[in-house]
Amino acid sequence: MLELHQVHKTYTTPQGALKVLDDVSLRLAPGQSLALMGESGSGKSTLLHLAAGLDLPDQGSINLSGQNVATLAEPARAKLRREQLGLVFQQFHLVPSLRVIDNLRLQARLASRDDTEWTAYLIARLGLEGLEKRYPEQLSGGQQQRLAIGRALAPRPSLLLADEPTGNLDETTAGEVLELLLSLVHETQCALLVVTHSPKVAAPLDRCLRLRHGKLINTAI
Amino acid sequence: MIKSLPTVVATLLAHYRRHPGQLAMLLLGLWVASALWSGIQAINATARDSYARADAMFDTQLDQLERRDGAPITRAEYHALRQAGLPVSPMLEGEIVTQDGTRLTLIGIDPLTLANDNPLAQADTSRSLTDFLTPPWQTRAAPDVLTTTTTLANGKSLPPLALAPALPPDTLVMDIAAAAQLLESGEEITRLVAARGTLNEAPTGLTLTRATRIATPGQLTESFHLNLTALGLLAWVVGLFIVQAALGLALEQRLGMLRTLRVLGVSGRSLVLALSLELLLLGLIGAAAGIASGVWLARLLLPDVAATLGSLYDAGVGRELNLPWHYWVGGLAVSLGGLLLAGGGVLWRAARLNMLELGQMQAWRSGYRRQLMLMSTGGALAVGVAVALYVWLRFQPPGDGLVAGFALVAALLLASALWLPPLLALALKVLTHLARRRPLVHWALADMQLQLPKISLAMMALLIALATNLGVGSMVGGFRLTFLEWLDQRLVAPLYLNAPAEQYADIDAWLADRPDVSERLLTRRSEALLESIITPDVSRALGTPIELYGITPGESLIPHWPLLANQQDREAAWAAFDHGAAFVNEQLATAENLSPGDQLNLRAPGVYETLTIAATYPDYGNPSGQILMASPQLAARFDAPPSSMGVVLHPNADVDALREALNERFGLGSDALSDQREIKRVATDIFERTFTITRALNVLTLVVAALALLASLLAQARSRRQQLAPLWAIGVPRAQLAQLSLVQLGGAALVTGLLALPLGIAITWGLVAIINVAAFGWRLPLYLFPWEMAVTLATAIAVALLSAALPALRFWRASPRTLLAEEANQ
Ligand SMILES: Nc1ncnc2c1ncn2[C@@H]1O[C@H](COP(=O)(O)OP(=O)(O)OP(=O)(O)O)[C@@H](O)[C@H]1O
Ligand SMILES: [Mg+2]
């Protein structure tokens, strides 16, 4: 499903080169779930962005459904993202100009995979009934993140990438959202990579990896 | 409160360090608004100053005597009149050219016989009369002339200069003896003058023009300046649109900061005070820069304006700026007033800031809906005003209501500008609904609704600029067509001859015998007093001086000469004309509300005549009324001298041979015979120059609107990227997003351009049917130019694409990392 092979990433900062990922390799099989942990600034988001083809590695290959993301042109990477990936961010990143229902269906429609039944099911499961006509800013934080999860799952991606999906929510809401995320991922048989600080989030997942000084370390939770 | 003020102001200003683009846009708006406005006012002020001085000259309480046949008066004639006890004084007028090519009017006077209280005689100098009267004499001139050299092109030099600020620009005054030497006029005198009312009637062979009847350029040019002022006001408004957009944005982005300041204990009142201080500071900088460049602009445009006013109205305008103190104060006041107008809303919103208001986006969405409602209502009110003005104008006699005409056009512009955003919002709403099945199009439309509030001011400015461009362009284009056609109709003879008045009889007889000449069209000119008018309903006393013009109606003239209105048909009108009826020009008909069938009572020295109006005719470019008669009739009834002669030749006739023969037989100079094409060229030249400034200002306004759009797009480029980043993250390629933003803006501009078309036509109509009639007395046919409309649409789209290109390019070329950073920063 997802395979990172000897990936290197260095940022140039005013203070000089900053090596963030140093020879990182990683495999994620279809349907598998993985938690990525590490201290703040250790490079978790960087790894996730590379996996999504949002940024390119300096060295190494990133295979996603049999294609090397690192060598694909931008339009091809975009196509891969909208058809294969679901992305959930800490900051939700909803489209302010679209109503809830249109936000939810946006990626599915872009990927020509709009499925009314599935959308209706997602709405019901995410507890967004009756809110379809609202705009994103008219929702609570938890509702907004549930909508973001719905948008990512609507095109039935084969891999869901989430960057601290509950980091912006209070503890109770975070628990609810996480539970919902995991059960939906389970239902859709999609692989999952979650970046998180919280052991509670990592606990129910198949595996957990820790980033430290640019290297990946296998850990038990 | 006062103690914390510097900190608050500094905190507010810190915003612009992070967003220099907004500061630039704000200053740009202020600069443009005050530059164009103060530039035009500088031109107006200079011209008015020139008129005032010219007025003082003309208004010298002098009656003028000139020879009926236009030839100069001799010294001997003057002495004879003096000996007969008439209180006349000689005056010599001519043109001299200095070594550096400046043309100056030279007036020679005799201060001893001129009435003592006369401004010409006094002219504010401190030196004694002896200096003026005796060699080496003295040249009196206004300060703006003094910079030029005192050596003339012909090698002679002027007498010593003396300052006389009251004199008009480009005019020199000296003793008549000195002037005669410089002008080499020998025994000739241009005219005789006498203190007002001292002469009862003109001595034989001379015409008397009373002082009050000499038209002053001030009134004639008023409409021209009103026109300029209206254009300046337009530019000012467009500039303020930019200011308002920039201020709105700066407030929007500083809401968080303002709230924090309030929470930290800054009172609402000191916040408003600090914002006002910020406005004042920026306003002073913008206004100073604007006024400086306005003066520069005026200096650039003034020669054209001076040429226009000189050719159109015979009004002398200095080519050097001459600005009174109130100009500077006024310029500053107008700039700051505009800023206050544009910034008032911002201050008001800041004063009512809610500290706990969190759902920013939500409050703002419904706020904009309320704004759209207000705009629609405001637009409806403006339409109401326009309709009321239109109805009012219908009940006015034609030719009245210049200001009302401008107000009508302004109301139409305002209404359209106010209706543009609600219209765009509605169109977007409908389209968004229709595009449900195309996700990207759907998003683009929905996103445009969100962008609309931020670009709507710029779009309004664009609409106004486009519409006035089209309106004025069509008016000028239509005027041009009409004018050229009219010239063709008026100038039927291929050759025109100018000769001393007494020679015409001989020339006429001589030409009659030549086989190559088919027709001779003699014109005559005279003046009379239009005493009263008799219409079927009323008879009105008038007492205005009027020009009489005689033409020779014949085979080549009658079919071409344009007529506007006649009693029965053209033939009947011309038949009546032949038998002594008169035609009046459109200006006179409009001003006095005359129509065919009315009668005119005219008085000239020793003559009292009643004429019936048979028709009216167009007379473009002539600022005053005119009565047209058949040449023989004019000669018989008003003793009018010949003024020129059109010569129609048989086909294949040799023009050069005729020219030579004329020259040989009558000793006429080479410029006595002018080619019709040459006359047309000169007339067309004058015409083009007249509209140079109008065009220049129009283009400037359009440029300003484009800048407004660019500025508002650049100012929100950052937040735009933040809105586009998530789309990019879920798989829409950057190139596509960049293209979409071009299409979005291009579409909005297309709608704006489409709206500008009918608005432009309405403006053209207002100009030709109301404003021109009121300003000049003639009505032009309404011409529409499909090409101009296509250009307007293309301009709208080009302006939008050009302004959208830079932000789109930046987005397209942004490295993924920057986009991610935008995401993280959100
Ligand atoms: N565009 C960039 N330019 C330079 N340095 C960057 C850039 N983006 C990230 N970094 C640096 O790279 C390092 C890793 O950043 P990254 O965002 O991957 O950390 P993270 O593990 O997600 O941290 P957090 O848990 O706080 O989200 C950080 O030290 C950060 O400062
Ligand atoms: Mg991170």
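In what follows, every chain begins at residue 1, and chains take the letters A, B, ... in the order their sequences are listed.
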Original post:
At a heavy-atom separation under 4.5 Å, does B:Leu445 approach chain A through its side chain, its backbone, both, or neither?
Top reply: neither
Subject >> Under 4.5 Å from any heavy atom of chain A - which part of B:Arg437 >> reply: backbone
Original post:
How many angstroms lie between atom CG of B:Leu428 and atom OG of A:Ser97, to the nearest 0.5 angstrom?
Top reply: 11.0 Å
Subject >> Spatial distance of atom CD1 (B:Ile730) from atom CG (A:Leu85) [nearest 0.5 Å] >> reply: 11.5 Å
List the atom of [X], the atom of [Y], and the distance in Å for their closest heavy-atom pair.
X: A:Arg81; Y: B:Gly731; value: NE-N, 3.8 Å
X: A:Leu106; Y: B:Pro439; value: CD1-O, 4.4 Å
X: B:Trp728; Y: A:Leu54; value: CH2-O, 3.2 Å

Of the backbone (N, CA, C, O) and the side chain (C-beta and beyond), which part of [X] lies under 4.5 Å from a heavy atom of chain B, both, or neither?
X: A:Arg99; value: neither
X: A:Asp102; value: side chain
X: A:Leu87; value: side chain

Original post:
Do the side chains of A:Arg82 and B:Pro733 get nearer than 4.5 Å, heavy atoms only?
Top reply: yes
Any chance [atom1] of [X] has more than 12 other-residue heavy atoms, nucleotides or ligands included, within less than 6.0 Å?
X: A:Lys19; atom1: NZ; result: yes
X: A:Glu171; atom1: CD; result: no
X: A:Trp118; atom1: CH2; result: yes
X: A:Glu39; atom1: CD; result: no

**OP:** Report the option among B:Gln736, B:Arg436, B:Arg438 that has the most heavy-atom pairs separated by less than 4.5 Å from atoms of chain A.
**Re:** B:Arg436
